[in-house]
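The analysis underlying the following values was restricted to heavy atoms, covering all of them including side chains, and did not include hydrogens, waters or symmetry mates.
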Amino acid sequence: MPNFKALLVGGPSALPATDRVQLVPTLAEKVKHRFEAGYEHFAHQGEFRTVDGEELAVFHWTMRTAIAE
């Protein structure tokens, strides 16, 4: 299964830069990233961006959900 390098854009400004680059298995599904007491959701809308000479799929923030207790 191929992995794609993704850049997470938007969402909470406190989300560290080191968390904003992820390996994802597919571009077709949302990325759900755990942060503080919830999950940040990001979706790919076809955009790509070159960062440090590497092409990354851009996933834009769509919503936040709380962790179920």
Requested in this report: Answer yes or no: is there a donor N or O on one side and an acceptor on the other, between the side chain of Thr62 and the main chain of Ala43, under 3.5 Å?
Outcome: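 The answer is no, because no donor-acceptor pair under 3.5 Å joins these two groups.
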Please set out all donor-acceptor pairs under 3.5 angstrom arising from side-chain atoms of residues 47-54, sequence neighbours excluded.
from: Glu47; atom 1: OE1; to: His60; atom 2: NE2; distance (Å): 2.7
from: Glu47; atom 1: OE2; to: Arg49; atom 2: NH2; distance (Å): 3.3
from: Glu54; atom 1: OE1; to: Lys5; atom 2: NZ; distance (Å): 3.2
from: Glu54; atom 1: OE2; to: Lys5; atom 2: NZ; distance (Å): 3.4

Enumerate, atom names and distances included, each donor-acceptor pair closer than 3.5 Å involving a side-chain atom of residues 13-22, sequence neighbours excluded.
from: Asp19; atom 1: OD2; to: His33; atom 2: NE2; distance (Å): 3.4
from: Arg20; atom 1: NH1; to: Leu8; atom 2: O; distance (Å): 3.0
from: Arg20; atom 1: NH1; to: Gly10; atom 2: O; distance (Å): 2.9
from: Arg20; atom 1: NH2; to: Gly10; atom 2: O; distance (Å): 3.3
from: Arg20; atom 1: NH2; to: Pro12; atom 2: O; distance (Å): 2.9
from: Gln22; atom 1: NE2; to: Asp19; atom 2: O; distance (Å): 2.7

Query raised in the report: Given the rule that I, L, V, M, F, W and Y join up when any side-chain heavy atoms are under 4.5 Å apart, are Val58 and Val31 in one cluster?
Result: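 Val58 and Val31: separate clusters.
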Query - Working for side-chain contact (heavy atoms from CB on, under 4.5 Å), residues Phe59 and Val24 - result: CA-CA 10 Å; Phe59 280 68; Val24 298; 4.1 Å; yes
Report task. Before giving the answer on side-chain contact (heavy atoms from CB on, under 4.5 Å), spell out for Tyr39 and Ile67 the whole-Å C-alpha distance, their side-chain angles and the decisive distance to 0.1 Å. Result -> CA-CA 7 Å; Tyr39 291 100; Ile67 294 173; 3.6 Å; yes
Requested in this report: Any pair with a residue in residues 34-46 that passes salt bridge (Lys or Arg N to Asp or Glu O under 4.0 Å), sequence neighbours left out, goes on the list, sorted by first then second residue, please.
Outcome: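 Checked against salt bridge (Lys or Arg N to Asp or Glu O under 4.0 Å) - neighbours excluded - the pairs reaching residues 34-46 are Glu40-Arg64.
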Requested in this report: Taking the side chain as every heavy atom from C-beta outward, state whether Trp61 and Val9 have any pair of such atoms under 4.5 Å apart.
Outcome: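 Not touching, per the 4.5 Å side-chain cut-off.
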**Report entry** For His44, side-chain hydrogen bond (donor to acceptor under 3.5 Å, both in side chains) partners two or more places apart
**Finding:**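 Scan of His44 (side-chain hydrogen bond (donor to acceptor under 3.5 Å, both in side chains), adjacent residues dropped) gives none.
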